[in-house]
Enquirer: 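Here's a structure for you.
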Amino acid sequence: MIVIPAELIDAHEDDEPEWLAALPALVDDYTARWELTRTGAVLNGAASLIVPVVRTDGTAAMLKLQPTNDENFHEALALRTWQPDDVVGVLEDDPDTTTILLERLHPRMLSDLPDHVEATKILAELLGRLSAVPAPAELRRLSDLAAELVEDAPGLIPDLADPAEQKLIQRFADQVRELIPEAGDRLLHWDLHYDNVMAADRQPWIVIDPKPLAGDPAFELFPALNNRWADLRGTGDLHQAIRDRFDLMLDVTGIPRDRALAWTAGRILQNVLWDLEDEESEIDPVQREIAAALRLG
């Protein structure tokens, strides 16, 4: 019996009820198709079901099932394009459903590393290697995504209750509009934060769960800033800690500061517009603190 985790039900019951209902049969289908034996209770990510399995040759693996969308459609392609030492290995995949059989890693994430500065340096080193790789032609492009943000912004920004916040986000939209013609062509992860890096035997740290995108590496910095937030607050000087983390990422990756600031403003724009679509009426406090610390806008 497959017991679907409550978190996964909450995430998909409105948008993907048919996928949820089909999950037990899908697990049976793929374990038979790829000759797998289940070896433990199912797990879940924010949007996926993870089933511990073993292949016929004894290799431990993880079967990942997820509803197909624009963000994950080329996940297997991206993982196979990057250098194998940096990312989780793909053992099997079904492009039609984005179901993937992945190598099994250790249940320890970079967010578990006590020293958040050391964790950020490791994350930045991985980011630098991943974003040095050219993106396959099939991938979504940051230029298109940015154009959609700029197009959507005028209809959503007035929903912010504070006129000062409206002006700030409009400035971010204007900045993103200027970036579109040179939005880049590197293979981006899009969601590279501390929980998407796991421990392994073959390498100390391995990247998982990309949402592949072709674009500018400067677009990749934001997830490192708004994760491990308690560590930043714990320094006693939140804004300086944000700047220190940002500067460390730039020092390690070599990403130009002006583009890093501009695309970080673009990430905040994206998040604010998503929140406005969900009927929020103010900028999330974390986003606001990052913008203030980096003096964006």
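We use all heavy atoms of the structure for the numbers below, so side chains are in, but hydrogens, waters and symmetry mates are not. If you read the sequence from its start, that first residue is 1, and numbering goes on from there.
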Enquirer: Check L105 against A199 and note the closest heavy-atom contact, atom names and distance.
Expert: CB-O, 3.4 Å
Enquirer: In terms of side-chain geometry, is the basic nitrogen of R33 or D94 positioned less than 4.0 Å from the acidic oxygen of its partner?
Expert: yes
Enquirer: Any salt bridge linking E92 with R55? Criterion: basic side-chain nitrogen under 4.0 Å from a carboxylate oxygen.
Expert: yes
Enquirer: Just so I know, are the side chains of V53 and M62 near enough to count as touching, which here means a heavy-atom distance under 4.5 Å?
Expert: no
Enquirer: Determine, using the 4.5 Å side-chain heavy-atom cutoff (strictly less than), whether L294 and L168 are members of one ILVMFWY cluster.
Expert: yes
Enquirer: Please determine whether side chain to side chain contact (heavy atoms under 4.5 Å, CB included) holds for the pair I157 and D159, giving the CA-CA distance in whole Å, both sets of side-chain angles, and the decisive distance to 0.1 Å.
Expert: CA-CA 5 Å; I157 289 174; D159 292 339; over 6 Å; no
Enquirer: Step by step, work out the side chain to side chain contact (heavy atoms under 4.5 Å, CB included) result for V197 and I206.
Expert: CA-CA 5 Å; V197 179; I206 295 289; over 6 Å; no
Enquirer: Give me the atom names and distance for the closest heavy-atom approach of A47 to W19.
Expert: O-CH2, 4.3 Å
Enquirer: Under a 3.5 Å cutoff, is there a donor and acceptor pairing between the side chains of H239 and E289?
Expert: yes
Enquirer: Distance only, no hydrogens: is a donor on one side chain within 3.5 Å (strictly under) of an acceptor on the other, for D57 and T59?
Expert: yes
Enquirer: Please check if the side chain of E220 supplies one atom and the backbone of W190 the other of a donor-acceptor pair under 3.5 Å.
Expert: yes
Enquirer: For residues 36-44, run the donor-acceptor check on the side chains, cut-off 3.5 Å, and write out each pair with its distance to 0.1 Å, sequence neighbours left out.
Expert:
residue : atom : partner : partner atom : Å
T39     : OG1  : P52     : O            : 3.4
T39     : OG1  : R104    : NH2          : 3.1
N44     : ND2  : E7      : OE1          : 3.1

Enquirer: Looking at D216 and R259, is any side-chain nitrogen of the basic one under 4.0 Å from a carboxylate oxygen of the acidic one?
Expert: yes
Enquirer: If we count only N and O atoms by modelled type, under 3.5 Å, do the side chains of D162 and Q166 hold a donor and an acceptor together?
Expert: no
Enquirer: Hey, quick one: are M249 and V117 part of the same hydrophobic cluster, counting side-chain heavy atoms closer than 4.5 Å, chains of contacts allowed?
Expert: no
Enquirer: Is a side-chain donor or acceptor of H12 paired with a backbone partner of P17 at a separation under 3.5 angstrom?
Expert: no
Enquirer: Checking N196 side chain against D191 main chain: does a donor-acceptor pair fall under 3.5 Å?
Expert: yes
Enquirer: Would you mind telling me which of N271, D284, I268 makes a side-chain contact (heavy atoms from CB on, under 4.5 Å) with I290?
Expert: I268
Enquirer: For the residue pair M198 and P107, what are the closest heavy atoms and their distance?
Expert: CE-CA, 4.1 Å
Enquirer: Can you tell me how far apart CG (L160) and CG (L276) are? Round to the nearest 0.5 Å.
Expert: 4.5 Å
Enquirer: Tell me whether R257 contacts the main-chain N or O of L250 through its side chain, where contact means a donor paired with an acceptor under 3.5 Å.
Expert: no
Enquirer: Can you name the nearest heavy-atom pair linking A76 to I100, along with the distance?
Expert: N-CD1, 4.1 Å
Enquirer: Is there a chain of hydrophobic side chains (I, L, V, M, F, W, Y, each step under 4.5 Å between heavy atoms) that links L49 to I208?
Expert: no
Enquirer: Is there a salt bridge (Lys or Arg N to Asp or Glu O under 4.0 Å) between D93 and R80 once you walk through the steps?
Expert: CA-CA 11 Å; D93 78 291; R80 287 188 168 119; 2.5 Å; yes
Enquirer: Say you draw a straight line from CG of L188 to CG of L139; how long is it, rounded to the nearest 0.5 Å?
Expert: 9.0 Å
Enquirer: Is E165 salt-bridged to R288, cutoff N-O under 4.0 Å?
Expert: yes
Enquirer: More than 12 foreign heavy atoms under 6.0 Å from CD of E138: is that the case here?
Expert: yes
Enquirer: Between R108 and L113, is the side chain to side chain contact (heavy atoms under 4.5 Å, CB included) condition met? List the steps.
Expert: CA-CA 9 Å; R108 178 170 178 252; L113 197 66; 3.6 Å; yes
Enquirer: Is a donor on one side and an acceptor on the other found under 3.5 Å between the side chain of N69 and the backbone of N72?
Expert: yes
Enquirer: A side-chain contact here means heavy atoms from C-beta on lying under 4.5 Å apart; do R141 and D185 qualify?
Expert: yes
Enquirer: For the hydrophobic clusters of this structure (ILVMFWY residues joined by side-chain heavy atoms under 4.5 Å, transitively), does one cluster hold both I9 and V27?
Expert: yes
Enquirer: Please identify which of these residues, T98, D96, T97, meets the side chain to side chain donor-acceptor pair (under 3.5 Å) condition with T68.
Expert: T98
Enquirer: Kindly work out whether a path of hydrophobic side-chain contacts (I/L/V/M/F/W/Y, heavy atoms less than 4.5 Å apart) joins L261 to V252.
Expert: no
Enquirer: Does any N or O in the side chain of N227 come within less than 3.5 Å of the main-chain N or O of A224, such that one atom is a donor and the other an acceptor?
Expert: no
Enquirer: Decide, yes or no, whether a salt bridge links D174 with R177 under the criterion of side-chain N to carboxylate O below 4.0 Å.
Expert: yes
Enquirer: Does the R140 side chain pair with the main chain of A214, one donor and one acceptor, at a distance under 3.5 Å?
Expert: no
Enquirer: Apply the side-chain contact (heavy atoms from CB on, under 4.5 Å) test between K64 and each candidate in V90, D209, L101; give the one that qualifies.
Expert: D209
Enquirer: Please determine whether the number of non-hydrogen atoms from other residues, nucleotides or ligands lying under 6.0 Å from atom CD of E35 exceeds 12.
Expert: no
Enquirer: Which distance, rounded to the nearest 0.5 Å, do you find between the CG of L126 and the CH2 of W205?
Expert: 10.0 Å
Enquirer: Quick one: do E75 and K211 make a salt bridge, cutoff under 4.0 Å?
Expert: no
Enquirer: Taking the basic N atoms (NZ, or NE/NH1/NH2) and the acidic carboxylate oxygens, is any pair closer than 4.0 Å for D85 and R129?
Expert: no
Enquirer: If you group Ile, Leu, Val, Met, Phe, Trp and Tyr whenever their side-chain heavy atoms sit less than 4.5 Å apart, what else falls in with F73?
Expert: none
Enquirer: Assess whether side chain to side chain contact (heavy atoms under 4.5 Å, CB included) is satisfied between L127 and L130, documenting all intermediate values.
Expert: CA-CA 5 Å; L127 189 160; L130 296 186; 5.9 Å; no
Enquirer: Could you tell me if H116 and R245 have a donor-acceptor pair between their side chains, going purely by distance under 3.5 Å?
Expert: yes
Enquirer: Describe, in one word, how the ring planes of W82 and H189 are oriented to each other, choosing from parallel (under 30°), tilted (30 to 60°) and perpendicular (over 60°).
Expert: parallel
Enquirer: Locate the shortest heavy-atom distance separating A183 from L142; write the atom from each residue and the value.
Expert: O-CD2, 3.6 Å
